[in-house]
J.: 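Right, I'll just put the structure down here and ask away after.
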Amino acid sequence: MVHVLVACQVLLATVFVVSAYSKLRSRAALRSFAATLGSLPGPIRFPAALATAIVEVVAAAGLVVLPRAGLAAGGVLLVAFSTWIAVSLRGGRREPCRCFGASVTPLGPVHLVRNGLLLLVVGLGAAAAFTGGPVTVAGLALAVPAGLVGAVLLIAFDDLADLFLPVSGGA
């Protein structure tokens with residue numbers, strides 16, 4: 001089970017680092033993300049966007065240094081994101097998802113599904129964190145790439161979902 005924990009750590013840390021990087025790569029990118037926080041008062045959008053990216057970095061670092069604490073932080077962050085998305089959808093707001101950069105895809109149920117899958121990874125990692133076992137090179141050779149592949153699939157989840165979901169409002 002220790003290798004399952006490693007795969008979960010790699011997956012979640014990669015997702016949080018890529019998400020934070022997409023917001024912090026430039027002032028324009030951070031402003032673009034802040035603009036999607038439309039239900040917040042204008043003066044606090046930019047600080048809230050910056051705080052979000054910083055918390056993502058802290059969660060990623062926690063996953064590496066203190067796995068149980070990192071899993072807890074990641075879980076809280078994902079619940080907060082999911083709540084924000086659900087409240088936005090319920091209020092009829094469909095801001096573009098800037099989770100991983102300059103996407104124009106509006107928030108939708110697919111984002112809740114992605115966060116649900118990430119929360120499943122958090123749960124799996126938490127279960128694995130309370131088991132022991134020896135770390136093996138072969139196990140790491142499988143766990144690390146598995147975590148990276150999972151991260152790539154979840155980062156590209158919007159695009160993958162677009163391939164399989166019917167197009168609404170077609171011509």
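Quick caveat: nothing in here was measured; it's all calculated off a predicted structure.
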J.: Can you tell me how far apart NZ (Lys23) and CG (Leu30) are? Round to the nearest 0.5 Å.
T.: 9.0 Å
J.: Closest heavy-atom contact between Thr136 and Gly139?
T.: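 Nearest heavy atoms, Thr136 then Gly139: OG1-N, 2.9 Å.
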J.: Tell me, with the steps shown, if His111 and Trp84 meet side chain to side chain contact (heavy atoms under 4.5 Å, CB included).
T.: CA-CA 11 Å; His111 298 99; Trp84 179 269; over 6 Å; no
J.: Please find the pair of heavy atoms, one from Ala60 and one from Ala13, that lie closest to each other, and give the distance.
T.: CB-O, 3.8 Å
J.: Passes side chain to side chain contact (heavy atoms under 4.5 Å, CB included), Gln9 versus Val64? Steps please.
T.: CA-CA 7 Å; Gln9 287 173 277; Val64 174; 5.7 Å; no
J.: With a cutoff of under 4.5 Å between side-chain heavy atoms, which Ile, Leu, Val, Met, Phe, Trp and Tyr residues group with Ile85?
T.: Leu89, Leu107, Leu112
J.: Verify the cluster assignment for Leu119 and Val110: are they in a single hydrophobic cluster under the rule of side-chain heavy atoms below 4.5 Å apart?
T.: yes
J.: Taking OH in Tyr21 as the centre, count heavy atoms belonging to other residues, nucleotides or ligands within less than 6.0 Å. Is the count above 12?
T.: no
J.: For Leu37 and Ala49, work out which heavy atoms get closest and say how close.
T.: CD1-N, 3.9 Å
J.: List, by chain and number, the other hydrophobic cluster members for Phe164, where Ile, Leu, Val, Met, Phe, Trp and Tyr join if side-chain heavy atoms come within less than 4.5 Å, directly or indirectly.
T.: Val149, Leu153, Leu160, Leu163
J.: For a quick test of reading the model, state the closest non-hydrogen atom pair linking Ser19 to Glu56 and the distance between them.
T.: OG-OE2, 2.7 Å
J.: Atom CZ of Phe81 and atom CZ of Arg114: how far apart are they, to the nearest 0.5 Å?
T.: 10.0 Å
J.: State yes or no: do Val79 and Val121 share one hydrophobic cluster built from I, L, V, M, F, W and Y residues joined by side-chain heavy-atom distances below 4.5 Å, directly or via other members?
T.: yes
J.: With hydrophobic residues grouped by side-chain heavy-atom distances under 4.5 Å, do Val18 and Ile54 end up in a single group?
T.: no
J.: Does anything in residues 64-81 form a side-chain hydrogen bond (donor to acceptor under 3.5 Å, both in side chains)? List the pairs, not counting sequence neighbours.
T.: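 Pairs touching residues 64-81 that pass the test: none.
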J.: When clusters are formed by joining ILVMFWY residues with side-chain heavy atoms under 4.5 Å apart, either directly or through shared neighbours, do Leu154 and Leu77 land in the same one?
T.: yes
J.: Going from OG1 on Thr14 to CG on Leu63, what distance comes out if it is rounded to the nearest 0.5 angstrom?
T.: 9.5 Å
J.: I'd like to check the side-chain hydrogen bond (donor to acceptor under 3.5 Å, both in side chains) partners of Ser82; sequence neighbours left out, ordered by chain and number.
T.: Asn115
J.: Compare every heavy atom of Leu71 with every heavy atom of Ala129, then report the nearest pair and how far apart it is.
T.: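 Answer, listing the atom of Ala129 first, then Leu71: CB-CD1, 4.3 Å.
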J.: If Ile, Leu, Val, Met, Phe, Trp and Tyr residues are connected whenever their side-chain heavy atoms lie under 4.5 Å apart, and connections chain through other members, are Leu117 and Val15 in the same group?
T.: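 Linked, Leu117 and Val15 end up in one cluster.
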J.: Applying side chain to side chain contact (heavy atoms under 4.5 Å, CB included) between Phe16 and each of Leu78, Leu11, Val58, report the one that passes.
T.: Leu78
J.: May I ask you to list the residues sharing a hydrophobic cluster with Val76, side-chain cutoff 4.5 Å, ordered by chain and number?
T.: none
J.: Give the other cluster members for Val10, using side-chain heavy-atom distances under 4.5 Å between Ile, Leu, Val, Met, Phe, Trp and Tyr residues; answer none if it is isolated.
T.: Val2, Val6, Val135, Leu140, Val144, Leu148
J.: Do you know the tightest heavy-atom contact between Arg45 and Leu40?
T.: NE-O, 2.8 Å
J.: For the atom pair SG (Cys8) and CE (Met1), what is the distance rounded to the nearest 0.5 Å?
T.: 8.5 Å
